[in-house]
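Have a look at the structure below, then the notes.
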Amino acid sequence: MKRLSERNKKPQLPEISQFDAFVTEIENGCGGLSKSCADLVRFMTYGGFRKMEAANIVWADCDFARGKIIVRGDPVTATKNSEIREVPMIPDMSQLLQRLRSERVDETLDTPVMRVRECQKAMNRAAKVIGMRRVTHHDLRHLFATRCIESGVDIPTVSRWLGHKDGGALAMKVYGHLRDQHSVEMAQKVTFSSLPEKSTLA
């Protein structure tokens, strides 16, 4: 008998207030790389990168003039789908990169933007301290996509930012419920009358 494939589960992600507390707890950790770990969490969340992709982004890939980041992936194996893509800098990402660059003005353009490649232990500790569900590096990618869709970005566009080649099919399976919820909320703004109808309910 063939094993039934598990249906895509809705990602269980932290709320904005939880995320802020989560990153602050990582940054205030006692380790020598605590600040770098917090910056990695921000970087991955603000750009939707895979862990390997984030580790290989250098300053030359950050186009501040165009507000975009070039994602090349591993120098040998490239990205997961073997294609280079561009991800726009959301305001939070722009502020993060500008701060990091101002702190490290002497670094050459081929220097990696991130000083650590992973920080799971730091994330596990911080989540436990603030009473938040444990999240992985890949969950940060889900968090990026979720916030984009909740902010009104269409799923095909988010899918391209994530580097999917399926035109948004996978993103629809994972995040379709968000689009439906957003659609209902947006529908309440559509009206054909300048005056609200009077309720006929007794």
Side-chain angles (χ1 to χ4, degrees), residues 11-29 33-73 79 85-105 107 109 111-120 122-123 126-127 130 132-164 171 174-175 178-179 181-182 185:
Q12 297 179 8
L13 304 171
E15 300 295 333
I16 295 299
S17 58
Q18 281 186 312
F19 178 75
D20 290 339
F22 174 60
V23 176
T24 298
E25 182 59 39
I26 294 174
E27 194 164 40
N28 293 336
L33 295 175
S34 295
K35 186 175 182 296
S36 295
C37 286
D39 287 334
L40 176 61
V41 170
R42 294 186 182 102
F43 190 60
M44 294 185 66
T45 304
Y46 299 161
F49 311 122
R50 298 178 178 91
K51 183 169 65 172
M52 176 271 296
E53 293 173 343
N56 286 285
I57 293 174
V58 299
W59 284 117
D61 296 324
C62 301
D63 190 335
F64 290 96
R66 296 172 59 231
K68 293 186 177 182
I69 300 171
I70 301 172
V71 183
R72 307 178 191 276
T79 60
R85 72 181 188 278
E86 292 184 337
V87 177
M89 295 182 189
I90 64 172
D92 287 321
M93 176 66 86
S94 181
Q95 292 174 15
L96 171 65
L97 292 178
Q98 288 175 4
R99 172 176 63 79
L100 292 177
R101 194 56 174 150
S102 67
E103 294 171 353
R104 296 149 56 184
V105 292
E107 290 185 345
L109 293 179
T111 302
V113 176
M114 292 293 103
R115 288 183 165 174
V116 295
R117 301 177 68 91
E118 70 89 27
C119 57
Q120 191 61 60
M123 289 197 294
I130 70 170
M132 189 185 87
R133 172 186 171 272
R134 176 183 180 272
V135 295
T136 66
H137 294 89
H138 197 73
D139 287 329
L140 302 178
R141 183 168 158 86
H142 284 311
L143 185 55
F144 168 77
T146 297
R147 289 301 300 148
C148 287
I149 295 170
E150 288 177 342
S151 299
V153 183
D154 61 89
I155 286 183
T157 296
V158 174
S159 180
R160 289 195 300 273
W161 293 349
L162 292 173
H164 294 173
V174 179
Y175 308 109
L178 297 176
R179 185 205 61 173
Q181 178 181 343
H182 178 73
E185 293 173 354

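Under the 3.5 Å distance criterion, the side-chain polar atoms of R85 are matched with a main-chain donor or acceptor of W161. Side-chain atoms of H137 come within 3.5 Å of backbone N or O of C119 as a donor-acceptor pair. Judged by distance alone, the side chain of E15 and the main-chain N or O of S17 form no donor-acceptor pair under 3.5 Å.
Residues satisfying the side-chain contact (heavy atoms from CB on, under 4.5 Å) test with A55, not counting sequence neighbours, are R117. Residues passing the salt bridge (charged side-chain N to carboxylate O under 4.0 Å, His left out) test with D63, sequence neighbours excluded: R66. For D61, the side chain to side chain donor-acceptor pair (under 3.5 Å) partners are R72, not counting sequence neighbours. Looking at residues two or more places apart in sequence or on another chain, you find a side-chain contact (heavy atoms from CB on, under 4.5 Å) between D20 and I16. In this structure, Q18 has no side chain to side chain donor-acceptor pair (under 3.5 Å) partners at least two apart in sequence or on a different chain. Partners of L143 by side-chain contact (heavy atoms from CB on, under 4.5 Å), not counting sequence neighbours, listed by chain and number: L13, P14, F19, T45, R147. By the side chain to side chain donor-acceptor pair (under 3.5 Å) test, N28 pairs with no residue at all, sequence neighbours left out. Considering only residues two or more places apart in sequence or on other chains, R104 meets the side chain to side chain donor-acceptor pair (under 3.5 Å) condition with E107.
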Kindly list each side-chain donor-acceptor pair under 3.5 angstrom involving residues 35-42, sequence neighbours excluded, with atom names and distances?
from: K35; atom 1: NZ; to: E103; atom 2: OE1; distance (Å): 3.2
from: D39; atom 1: OD1; to: R42; atom 2: NH1; distance (Å): 3.0
from: D39; atom 1: OD1; to: R99; atom 2: NH2; distance (Å): 2.7
from: R42; atom 1: NH2; to: E27; atom 2: OE1; distance (Å): 3.0

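Legend: ring-ring contact (aromatic ring centres under 6.0 Å, His included) pairs involving residues 49-69, not counting sequence neighbours, sorted by first then second residue: F43-F49.
Among all heavy-atom pairs drawn from R141 and G48, the shortest one is NH1-O, 2.7 Å. V158 and C148 make their closest contact through CG2-CB, 3.7 Å (heavy atoms, listed as atom of the first residue, atom of the second, distance). Scanning all heavy atoms of the two residues, the minimum distance from A122 to I26 falls at O-CG1, 3.9 Å. Here the shortest heavy-atom pairing between T136 and D139 reads N-OD2, 2.8 Å.
Between E118 and M123, the closest side-chain pair of non-hydrogen atoms is not below 4.5 Å.
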Problem set entry | Steps toward side chain to side chain donor-acceptor pair (under 3.5 Å) verdict (T146, E150) | CA-CA 6 Å; T146 297; E150 288 177 342; 5.9 Å; no
